[in-house]
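Heads up: the structure comes next, in structure tokens.
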Amino acid sequence: MPYLPLIMWRIGGMGNVYDYNYGTKFTDKFQETIERVRCDFDRTKVELLRERFLLPFQNWCTKNGVLSRAQAYGRGYHPLESSLVVDIPEGETWIKYGVGEEISETDYRIGRAYTQANKFVSSGAHLSGKRLISCEECTNTDMVFNATLQMIKLASDQSFITGITHSVYHGFNYSLKMRHFRGGYGMGTI
């Protein structure tokens, strides 16, 4: 319990760590203790998500005769191990400006459309003998309503290179009817 406040960081947009610096310097021994506590905390989150979500979800799907599909990566998941559990592991691809250009050494988003998680998702799927690995393609674009078919194909091709075998195009759908009923923009899978 005395270390609990030290497992947290200041976060910004989308839950990303904003600042790893507490504004003070700790001794090397204390910093090592903090890192061990953080590691234990993260491991516990992964174990709980597997135990209390992934396995019950998979069991429910099996019992009801349906295939499970999940994007089981991100904060709290281990993308490789999680892909071993679900029937259809799923990755995600975004379209950003600069897709298809030389891949940057400093910004992992420039030049690629796939998320790094796709490589882990497909690796976990292949390790467990799964051939169907889906991908939520073109989840978000910098060019809303202006993504060309060429750009969408380029993004999908990059996903296939990471081991994805089935693209599910995720569009940004909008209609006045949807806006009135849902209070904003509607998101949907095509």
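In what follows, residues are counted from 1 in the order of the sequence shown. The figures here come from the full heavy-atom set of this structure, side chains too, leaving out hydrogens, waters and symmetry mates.
Atom-to-atom distance recorded for Tyr3:OH and Ile34:CD1 is 8.5 Å, nearest 0.5 angstrom. Atom CG of Leu49 sits about 13.5 Å away from atom CZ of Phe57, to the nearest 0.5 Å. Note that CD of Gln71 is 4.5 Å distant from CD of Glu136, once rounded to the nearest 0.5 Å. Distance check, rounded to the nearest 0.5 Å: OG of Ser122 to CG of Leu127 gives 9.5 Å. Atom CG of Leu4 is separated from atom CZ of Phe41 by 7.0 Å, given to the nearest 0.5 angstrom. Here the CD1 atom belonging to Ile164 is positioned 7.0 Å from the OG atom belonging to Ser134, to the nearest 0.5 angstrom.
The existence of a salt bridge linking Glu35 and Arg38 is confirmed by a sub-4.0 Å separation between a basic side-chain nitrogen and an acidic carboxylate oxygen. Comment: Asp157 engages Lys153 in a salt bridge, judged by a side-chain N to carboxylate O separation of less than 4.0 angstrom.
Heavy-atom neighbours of Asn64 CG from other residues, nucleotides or ligands within 6.0 Å: above the threshold of 12. Counted within 6.0 Å of CD on Glu51, heavy atoms from surrounding residues, nucleotides or ligands total more than 12; the atom is thus considered enclosed.
Lys29 and Thr27 form no side-chain donor-acceptor contact under 3.5 Å, judged by distance and modelled atom types alone. A donor-acceptor contact closer than 3.5 angstrom links the side chains of Ser159 and Glu137. A donor and an acceptor atom, one from each side chain of Gln58 and Thr62, are located under 3.5 Å apart.
When side chains are defined from C-beta on, Leu54 counts as touching Ser82, because their heavy atoms get closer than 4.5 Å. Side chains of Cys135 and His166 form no contact here, defined as non-hydrogen atoms less than 4.5 Å apart. Between Val66 and Trp60, the closest side-chain pair of non-hydrogen atoms falls below 4.5 Å. In this structure, Glu90 and Val121 have side chains that are not in contact, with every pair of non-hydrogen atoms separated by 4.5 Å or more.
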Point to revise | Trace of the side-chain contact (heavy atoms from CB on, under 4.5 Å) decision for Ile133 with Ile88 | key: CA-CA 6 Å; Ile133 305 125; Ile88 306 171; over 6 Å; no

Check your understanding: Which is it for Arg69 and Val168 under the side-chain contact (heavy atoms from CB on, under 4.5 Å) test, yes or no, and what are the steps along the way?
Key -> CA-CA 12 Å; Arg69 181 170 79 179; Val168 178; 3.7 Å; yes

Exercise for review: Run the numbers on Glu92 and Asn118 for side chain to side chain donor-acceptor pair (under 3.5 Å), then give the verdict.
Suggested key: CA-CA 7 Å; Glu92 183 172 30; Asn118 286 3; over 6 Å; no

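Under a 3.5 Å cut-off, the side chain of Lys130 and the backbone N or O of Ser83 do form a donor-acceptor pair. Judged by distance alone, with hydrogens and angles left aside, the side-chain atoms of Ser68 form a donor-acceptor pair with the main-chain N or O of Asp87 at under 3.5 Å.
Heavy atoms only, all atoms of each residue included: Phe120 and Leu80 are closest at O-CD1, 3.6 Å.
Connection of Phe30 to Val37 is established within a shared hydrophobic cluster, with ILVMFWY side chains joined at heavy-atom distances below 4.5 Å, either directly or through further cluster members.
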